[in-house]
Q: 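Have a look at this one before I ask anything.
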Amino acid sequence: MPTSDEANPRRDSAIVRSLCAWFRANARDLPWRRVTKAGTRDPYRSLVSEIMLQQTQVSRVLEKFEPFLEAFPTLEALADADEDEVLAMWSGLGYYRRARSLHACVRQARDVFGGLPESAADLESLKGIGRYTAGAIASIVHNHAEPIVDGNVERVLLRLEGKPMRVGETQTKNWCWERAEELVNKAKSSKSAGVDPATFNEGLMELGALVCTPKSPSCEACPLHGSCAAYRESAQDSIPLPKTRKAKKPLYMACLIVRDAKSRLLISQRPKGGLWGGLWEVPTIESDAKLPKSAVAERFGVATTALIREDSFVHETTHRSVAVVVYRSTAPGVKLTGTWVYRADTDDLATGSLQDRVIRAGFAE
DNA sequence: AAACCGGGGTC
DNA sequence: GACCCAGGTTT
């Protein structure tokens, strides 16, 4: 009696063939899947999409992908751009370090390799490209037999093999990478038409996105249910195990709206790295504790009587709950440095959604 | 191994 | 509200 962990070449072969056939028939028509010529994809478009898609849902990326590609149509164009332009096109996507890393990545690729390299090892040497992204480009664009494991793939593989583990933990990832490697090698060695590493890897992710979903998976429609341990044991809903989540950290922000005689608004750029790194904001104070008005006035160098409380709201991110209080100054602060901008200047500015709201309020009336 | 880093859709 | 997402880097 073979154990469940024992290699089963015939089962793996069936999994690979079924999945590839399903993907060929059910793949979504996404802009980064566009084929330029003779079945090849633009590696640069693939790179941009992969970075944008990190921890970001397809529907979010769809709004930003084409405008970004229009602004930076080629790797050379992106490499030649200023970091501020790149950040501006990333506005609203979140995880802004990705934009700065992508910019550094293409410059590095141009200077070191004369363009984007093809091997996963070379790709992974570039800024912002880890094992997943390197494997994705090498396999999907160049059809190399490189495994890929993201959140989707972990969930699919854990269910397929009936492993009650948590997504994202080191032990889980290690097991998934090994399993994904076995399967992609099986796809590589397959003699069936339409079965290859590119189709298998992308199919695995597409299955996780469309069928083997976190909640209410469509097992009856799944091409792999005949091989799936979780389905056989009716364990789809208990695999993977629920994530353990940390409480959101509170953050308090006091923002100051200052206008000059020309109705311009005072803004400044946040330091690179850290929260909203490199993005623009109105003068803002941050603290782990509530900021009394007197402290805000002191820090901004403005009299308390010149500070008008204009708005307050809570901005939620995955990891933070940010309590924002917006003040307007009736007298410019002596200590404040920054850049004066007109309303129209802010359109091409790199901003997060929180400061977008504050800046809009700043120009109101 | 754990912390850090966004945003918005969905249930 | 909690959960999710084509992760990588830093500590």
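To find a chain, count down the sequence lines: A is the first, B the second, and so on, and within it residues start at 1. All values reported here derive from a predicted model rather than from experimental measurement.
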Q: Please state whether the phosphate of B/dC4, meaning OP1 or OP2, lies under 4.0 angstrom from any side-chain nitrogen or oxygen of A/K249.
A: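 So the side-chain polar atoms of A/K249 do come within 4.0 Å of the phosphate oxygens OP1 or OP2 of B/dC4, strictly under.
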Q: Taking only residues two or more places apart in sequence, or in another chain, which ones meet A/T172 in a side-chain contact (heavy atoms from CB on, under 4.5 Å)?
A: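 A/T172: side-chain contact (heavy atoms from CB on, under 4.5 Å) contacts with A/E154, A/L158, A/M165, A/E169, A/C176.
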Q: Check whether the side chains of A/R98 and A/T56 place a donor and an acceptor atom closer than 3.5 Å, and report yes or no.
A: yes
Q: Identify whether any heavy atom of A/S49 sits under 4.0 Å from a base atom; if not, whether one sits that close to sugar-phosphate; answer base, sugar-phosphate or nothing.
A: nothing
Q: Just how far, in rounded Å, is C1' of C/dA6 from CD of A/E154?
A: 12 Å
Q: Which pairs with one or both residues in residues 75-84 of chain A pass salt bridge (Lys or Arg N to Asp or Glu O under 4.0 Å), sequence neighbours excluded?
A: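 Counting only pairs at least two positions apart or across chains, the salt bridge (Lys or Arg N to Asp or Glu O under 4.0 Å) contacts touching residues 75-84 of chain A are A/D80-A/R110, A/E83-A/K272.
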Q: Which heavy atom of A/L116 sits nearest to which heavy atom of A/A109, and what is that distance?
A: CD2-CB, 4.1 Å
Q: Whole angstrom is fine here: how far is it from CZ in A/R357 over to P in B/dG8?
A: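 Value for this atom pair: 12 Å.
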Q: Quick check on DNA chain B: between A/Q171 and A/G352, whose nearest nucleotide comes earlier from the 5' end?
A: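 Taking each residue's closest nucleotide, the earlier one in sequence belongs to A/Q171.
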Q: Can you tell me the distance, in whole Å, between the NZ atom of A/K248 and the P atom of B/dC4?
A: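 After rounding, the reported distance stands at 15 Å.
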Q: Measuring only the C1' atom in each nucleotide, how far is B/dC5 from C/dC5? A whole number of Å is fine.
A: 14 Å
Q: Want to settle it: does A/P214 or A/E124 sit nearer the 5' end of DNA chain C, counting the closest nucleotide to each?
A: A/P214
Q: Which of residues 176-187 of chain A sit near DNA chain C, with a heavy atom under 4.0 Å from it?
A: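 Residues of residues 176-187 of chain A that come under 4.0 Å of DNA chain C do not exist, since none gets that close.
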Q: Mind checking the C1' distance from B/dG6 to C/dC3? Whole angstroms is fine.
A: 15 Å
Q: Evaluate salt bridge (charged side-chain N to carboxylate O under 4.0 Å, His left out) for A/E202 paired with A/R41, printing each intermediate quantity in order.
A: CA-CA 13 Å; A/E202 209 167 15; A/R41 291 192 200 180; 2.7 Å; yes
Q: Using whole Å, report how far CG of A/L126 lies from C1' of C/dG7.
A: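 That distance rounds to 16 Å.
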Q: Under 4.0 Å, counting only non-hydrogen atoms across every strand here, what does A/K215 touch: a base, just sugar-phosphate, or nothing?
A: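 The residue A/K215 makes no contact with any strand.
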Q: Among residues two or more places apart or on two chains, list those pairs meeting salt bridge (Lys or Arg N to Asp or Glu O under 4.0 Å) that have a residue in residues 118-138 of chain A.
A: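 Listed by first then second residue: nothing to list.
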Q: Counting heavy atoms from C-beta on, name the nucleotide in B/dG6, C/dA6, B/dC5 closest to the side chain of A/R320.
A: B/dC5
Q: What pairs meet the ring-ring contact (aromatic ring centres under 6.0 Å, His included) rule with one or both residues in residues 100-120 of chain A, with sequence neighbours excluded?
A: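 Of all non-adjacent pairs touching residues 100-120 of chain A, none passes ring-ring contact (aromatic ring centres under 6.0 Å, His included).
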Q: Just jot down the ring pair (Phe, Tyr, Trp, His ring centres under 6.0 Å) partners of A/H225, sequence neighbours excluded, or say none.
A: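 In terms of ring pair (Phe, Tyr, Trp, His ring centres under 6.0 Å), with neighbours along the sequence ignored, A/H225 is linked to A/Y231.
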Q: Is the phosphate of C/dT10, meaning OP1 or OP2, less than 4.0 Å from a side-chain N or O of A/K127?
A: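 A/K127 to C/dT10 OP1/OP2: side-chain N or O found under 4.0 Å.
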Q: Starting the side chain at C-beta, find the nucleotide from C/dG7, B/dG8, C/dC5 nearest to A/S353.
A: B/dG8
Q: Of the non-hydrogen atoms in A/V141 and A/S46, which two are nearest, and what is the gap between them?
A: CG2-OG, 3.3 Å
Q: Could you list all the salt bridge (Lys or Arg N to Asp or Glu O under 4.0 Å) pairs where at least one residue sits in residues 341-363 of chain A, not counting sequence neighbours?
A: A/D311-A/R357
Q: Specify the residues of residues 85-103 of chain A, ordered by number, for which at least one heavy atom lies under 4.0 angstrom from an atom of DNA chain B.
A: A/G92, A/L93, A/G94, A/Y95, A/Y96
Q: Give the rounded distance in Å between these two atoms: CZ of A/R131 and C1' of C/dT9.
A: 17 Å
Q: Does anything in residues 53-72 of chain A come within less than 4.0 Å of DNA chain B? Heavy atoms only, and list the residues if so.
A: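 Under 4.0 Å from DNA chain B: A/Q55, A/T56, A/Q57, A/R60.
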Q: Does A/K246 place a side-chain N or O at less than 4.0 Å from the phosphate oxygens OP1/OP2 of B/dA3?
A: yes
Q: Check whether A/T213 reaches the backbone of A/L210 with its side chain - one donor and one acceptor, N or O, closer than 3.5 Å.
A: no
Q: I need the A/F200 CZ to A/I148 CD1 distance, nearest 0.5 Å.
A: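 Rounded to the nearest 0.5 Å, the CZ-CD1 separation comes to 8.5 Å.
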Q: Which whole-number value in Å describes the distance from A/L123 CG to C/dA6 C1'?
A: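 My rounded result for the distance is 15 Å.
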Q: For A/E206 and C/dA6, give me the distance from atom CD to atom P, rounded to whole Å.
A: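 In whole Å, C/dA6 P lies 10 Å from A/E206 CD.
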Q: Using a cut-off of strictly less than 4.0 Å between a heavy atom of the residue and any atom of DNA chain C, enumerate the qualifying residues of residues 266-280 of chain A by number.
A: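 The stretch gives none, as no residue of it lies under 4.0 Å from the strand.
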Q: Using whole Å, report how far NE2 of A/H315 lies from P of B/dC5.
A: 13 Å
Q: Closest heavy-atom contact between A/G135 and A/S139?
A: O-OG, 2.7 Å
Q: For A/S49, which residues count as a side-chain hydrogen bond (donor to acceptor under 3.5 Å, both in side chains) partner, sequence neighbours excluded?
A: none
Q: Using the P atom on both, measure B/dC11 against C/dA6 and round to a whole Å.
A: 15 Å
Q: Could a donor-acceptor pair under 3.5 angstrom be found where the side chain of A/H319 meets the base of B/dC5?
A: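 For A/H319, whose side chain was compared with the base of B/dC5, there is a donor-acceptor pair (under 3.5 Å).
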Q: For A/S268, give me all partners under side-chain contact (heavy atoms from CB on, under 4.5 Å), at least two apart in sequence or on another chain.
A: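 For A/S268 the side-chain contact (heavy atoms from CB on, under 4.5 Å) partners, ignoring immediate neighbours, are A/E281.
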